[in-house]
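Reminder, nothing fancy here: chain letters follow the sequence lines and each chain counts from 1.
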Protein chains: 4
Amino acid sequence: MSAVDRRKQVLEAAAKSFALFGYKATTMDQVAKIANVGKGTIYTFFTNKEELFDEILHGAILELKRIAERTIREDRDFFDNLYCVLDALLEFRDEHALFIKLSQEQREFGTPKANDSLTKVENVIVGYLQGIVENSIRNGEIKPCDPQVVSFVMLRLYAALTADFNNLREPLQKEQIKEYMLLFLAEGLRSPG
Amino acid sequence: MSAVDRRKQVLEAAAKSFALFGYKATTMDQVAKIANVGKGTIYTFFTNKEELFDEILHGAILELKRIAERTIREDRDFFDNLYCVLDALLEFRDEHALFIKLSQEQREFGTPKANDSLTKVENVIVGYLQGIVENSIRNGEIKPCDPQVVSFVMLRLYAALTADFNNLREPLQKEQIKEYMLLFLAEGLRSPG
Amino acid sequence: MSAVDRRKQVLEAAAKSFALFGYKATTMDQVAKIANVGKGTIYTFFTNKEELFDEILHGAILELKRIAERTIREDRDFFDNLYCVLDALLEFRDEHALFIKLSQEQREFGTPKANDSLTKVENVIVGYLQGIVENSIRNGEIKPCDPQVVSFVMLRLYAALTADFNNLREPLQKEQIKEYMLLFLAEGLRSPG
Amino acid sequence: MSAVDRRKQVLEAAAKSFALFGYKATTMDQVAKIANVGKGTIYTFFTNKEELFDEILHGAILELKRIAERTIREDRDFFDNLYCVLDALLEFRDEHALFIKLSQEQREFGTPKANDSLTKVENVIVGYLQGIVENSIRNGEIKPCDPQVVSFVMLRLYAALTADFNNLREPLQKEQIKEYMLLFLAEGLRSPG
DNA sequence: AATGAATGAGCGTTCATTCAT
DNA sequence: CATGAATGAACGCTCATTCAT
């Protein structure tokens with residue numbers, strides 16, 4: 001098996017384990033076992049646990065951004081864009097589940113430095129959404145509101161429906177997720193009657 | 001000092017520490033020191049760390065339910081009730097922050113048994129909300145939707161605004177939290193224009 | 001068994017092991033086993049391996065200095081003093097063997113900081129001897145020479161006869177050690193004939 | 001490149017590294033890198049680290065003996081011979097520094113088997129010196145004394161002045177080393193007055 | 001009953017050694 | 001044959017749990 005394959009195996013195993021058990025509760029032994037490699041092998045690719053974690057997080061956020069940027073069109077309105085981006089994101093739902101879980105985890109790494117890493121990632125996403133929301137408020141497409149709060153809620157809502165919910169019941173279908181995202185973000189629950 | 005007092009001291013210390021540092025990062029030494037008791041004393045009340053954690057979680061959920069039950073009135077409509085319950089809950093926001101944090105710290109521990117405990121607690125809350133949502137759908141107060149999904153989102157939304165957001169910016173004011181909860185749950189973002 | 005006893009047990013076990021195997025090759029497991037305590041116990045007394053090592057070294061050097069200061073008399077000449085100090089030191093030969101071994105070991109700790117520790121200790125001893133040698137040169141008691149070199153050789157000579165030699169043959173008797181120290185330091189090997 | 005050349009490269013690299021960092025702190029990776037060969041290549045010549053170490057030690061001692069045998073003349077007296085041998089040895093001081101360092105790094109490894117190897121080497125040197133000393137005692141050139149003790153001290157003295165001292169101050173000059181060796185071994189420190 | 005010193009399983013990490021290429 | 005990626009035993013250290021006091 002090639003080195004690249006092994007590296008990928010490790011990354012996938014670590015991603016799975018981090019997503020399932022969190023940072024602290026994920027042991028390198030566990031990762032090695034899931035990846036079906038020796039423990040030492042991990043350290044040929046990543047200098048330590050923290051770096052392994054960071055790489056996974058970094059990869060996830062990069063992919064998210066790439067998808068969003070590829071999908072969003074200036075000439076479409078906010079909710080159309082929202083609809084399309086959700087569509088695109090949900091295509092990769094499983095991979096994101098990882099990031100989503102991680103981003104929820106209120107981890108306490110030992111080092112405060114490491115603690116930042118997640119917050120920083122979240123900031124990137126929220127910041128990106130924020131720009132779009134601000135535009136849409138200016139356009140009058142959505143109600144006046146704090147763009148940061150709204151962006152943050154959008155992220156959390158997506159996380160809740162995509163990943164968290166699965167602990168409660170079987171996963172929602174793509175269409176259902178989109179439907180509920182739009183329900184809360186666009187129209188609200190109140191019966192029109 | 002009475003045994004009951006000691007037990008309470010331990011519970012409070014543990015709650016504080018779990019909320020502040022998470023499950024893994026909370027050491028029994030820490031709890032003992034905060035509680036101002038010997039480390040061994042903890043084990044006269046709780047068989048192990050996990051059970052201590054469970055009891056705190058259970059206590060939190062019980063309190064939440066009690067507040068909700070005290071507040072909800074059959075003769076009020078859904079959104080009025082929602083408004084009032086939020087009001088009541090936010091009064092104890094700080095204590096809840098604990099529960100919220102814990103519920104975020106998803107599966108930070110290795111044992112599947114411990115894993116369940118959180119899910120169970122969440123189930124109780126969601127189940128309770130579900131009943132109310134179902135009623136409101138029947139009444140035509142809110143749009144037809146999956147009550148479990150909606151309940152779950154409500155819980156997550158509350159968590160997001162109450163606790164998670166604080167990592168990003170300074171905490172929201174009570175009034176702001178209520179405002180945003182209602183924005184998403186009742187009317188949605190779409191500009192009426 | 002009292003805590004003080006345990007601490008002493010650990011110190012003695014570590015001293016023995018450091019002396020026998022050196023710093024790197026001494027494992028905490030080994031020390032724990034020799035001391036007949038759990039591995040964790042060591043860490044209740046010493047924050048880490050390095051500190052354990054430092055304490056042993058520090059203790060040895062302090063004792064050496066105390067003995068020397070108690071023994072040396074300004075009103076005696078250099079070789080008389082040398083004779084008496086050797087007498088006093090050899091009384092504790094076994095305990096010193098430890099320090100002696102350590103001071104020879106050209107250890108490579110991981111940290112450069114730790115590396116100093118031994119050199120510093122050696123400097124203390126050599127510095128102390130140096131003062132005495134300088135005085136004796138001024139008095140004309142011993143030949144003009146570099147006091148630092150001579151002091152250093154004195155230390156090494158003592159180490160060689162006291163500890164190192166034991167790997168080659170059975171240990172020398174106290175009287176023999178004194179005799180040979182004086183042979184090299186005072187008169188030399190050359191036959192008077 | 002020929003296999004013999006590779007073997008030599010490995011030996012030289014290992015010698016350099018052992019001398020510089022000691023046994024434990026020398027990694028096979030390091031040796032391979034310095035020798036500019038693959039790590040696996042080392043194992044085609046030496047079954048393990050210990051054997052590599054042994055070979056280097058043996059090589060060093062062989063060279064020492066060869067120099068001594070070439071230099072010593074039956075028709076010269078003890079101190080003349082000592083003077084000449086020191087002269088010859090110090091010519092290769094740098095290479096010996098390696099051996100000296102190693103012989104100081106007493107029992108830095110756990111295995112008793114490895115432990116022996118150093119002692120054996122030391123025995124060879126001491127044994128060789130011993131023969132010469134015995135002769136000189138018989139000749140009445142030097143005082144009656146235990147030849148083994150004297151030989152051992154000679155070795156240690158040489159080590160102390162050649163290598164150990166460098167940790168304390170800058171290295172001594174060749175002439176200084178010879179001067180001090182003779183001072184202690186021949187005349188002693190006592191002022192003739 | 002309350003304690004905290006003692007414990008050892010388990011952690012992240014290193015590195016001598018192996019073996020598929 | 002030469003290689004270096006892969007390995008896992010062994011390290012220093014932590015902390016939930018126990019138990020003598």
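Note: CZ (C:Arg7) to P (E:dA6) measures 12 Å, nearest angstrom. Residue A:Lys49 contributes atom NZ, which lies 17 Å from atom C1' of E:dT14 at whole-angstrom precision. Taking atom CD on A:Glu50 and atom C1' on E:dC11, their separation rounds to 15 Å, with Å as the unit. Spacing between atom CE of D:Met28 and atom C1' of F:dA9 amounts to 17 Å, rounded to whole angstrom units. With rounding to whole Å, D:Asn36 atom CG is found 9 Å from F:dT3 atom P. Taking atom CG on C:Asp29 and atom P on F:dA9, their separation rounds to 15 Å, with Å as the unit. Rounded to whole angstrom, the span from the NZ atom of D:Lys33 across to the P atom of F:dA2 amounts to 20 Å. Here F:dA5 presents its C1' atom at 14 Å from CD of A:Gln9, a figure rounded to the nearest Å.
Using bins of under 30°, 30° to 60° and over 60° for the plane-to-plane angle, the ring pair D:Phe18/D:Tyr23 lands in the parallel bin.
Under the Watson-Crick or G-U wobble criterion, with both distances below 3.5 Å, E:dA1 has no partner in any strand shown. Pair assignment for E:dT21 gives F:dA2, based on Watson-Crick or G-U wobble hydrogen-bonding distances that are each under 3.5 Å.
Looking at C:Arg7 and C:Glu55, a side-chain N of the basic residue comes within less than 4.0 Å of a carboxylate O on the acidic one, giving a salt bridge.
Counting non-hydrogen atoms under 4.0 angstrom, A:Phe46 reaches nothing in the nucleic acid. Within 4.0 Å (heavy atoms only), C:Thr26 reaches sugar-phosphate atoms of the nucleic acid but no base atom. As judged by a 4.0 angstrom heavy-atom cut-off over every strand, D:Phe45 is placed among residues making no nucleic acid contact.
Taking for each of C:Thr44 and D:Tyr43 the nucleotide of DNA chain E with the nearest heavy atom, the 5'-most of the two is the partner of C:Thr44. Both D:Ser2 and A:Ile42 lie close to DNA chain F; mapped to their nearest nucleotides by heavy-atom distance, the more 5′-ward contact belongs to D:Ser2. Along DNA chain F, the nucleotide nearest to B:Gly40 and the one nearest to A:Gly40 differ in position, and the one closer to the 5' end is contacted by A:Gly40. When the nearest nucleotides of DNA chain E are assigned to B:Gly38 and A:Gln30 by heavy-atom distance, the more 5′-ward of the two goes with B:Gly38.
Across E:dA6, F:dC15, F:dT7, the shortest atom-to-atom separation from the side chain of C:Arg6 is found for E:dA6. Out of F:dC13, E:dT13, E:dA16, the shortest distance to the side chain of C:Asn48 is found at F:dC13. Residue B:Thr41 has its side chain nearest to E:dT3 when only E:dT3, F:dC13, E:dC15 are considered.
Listed for the A:Glu51 side chain is no donor-acceptor partner under 3.5 Å among the backbone atoms of A:Phe46. For B:Thr44 (side chain) and B:Thr41 (main-chain N/O), a donor-acceptor pair under 3.5 Å exists by modelled atom type. For the pair B:Gln30 (side chain) and B:Thr26 (backbone), a donor-acceptor distance under 3.5 Å is absent.
Taking all atoms of both residues into account, the shortest heavy-atom contact from B:Ile56 to B:Ala15 is CD1-N, 3.4 Å.
OP1 and OP2 of E:dT3 both lie 4.0 Å or more from every side-chain N or O belonging to B:Lys39.
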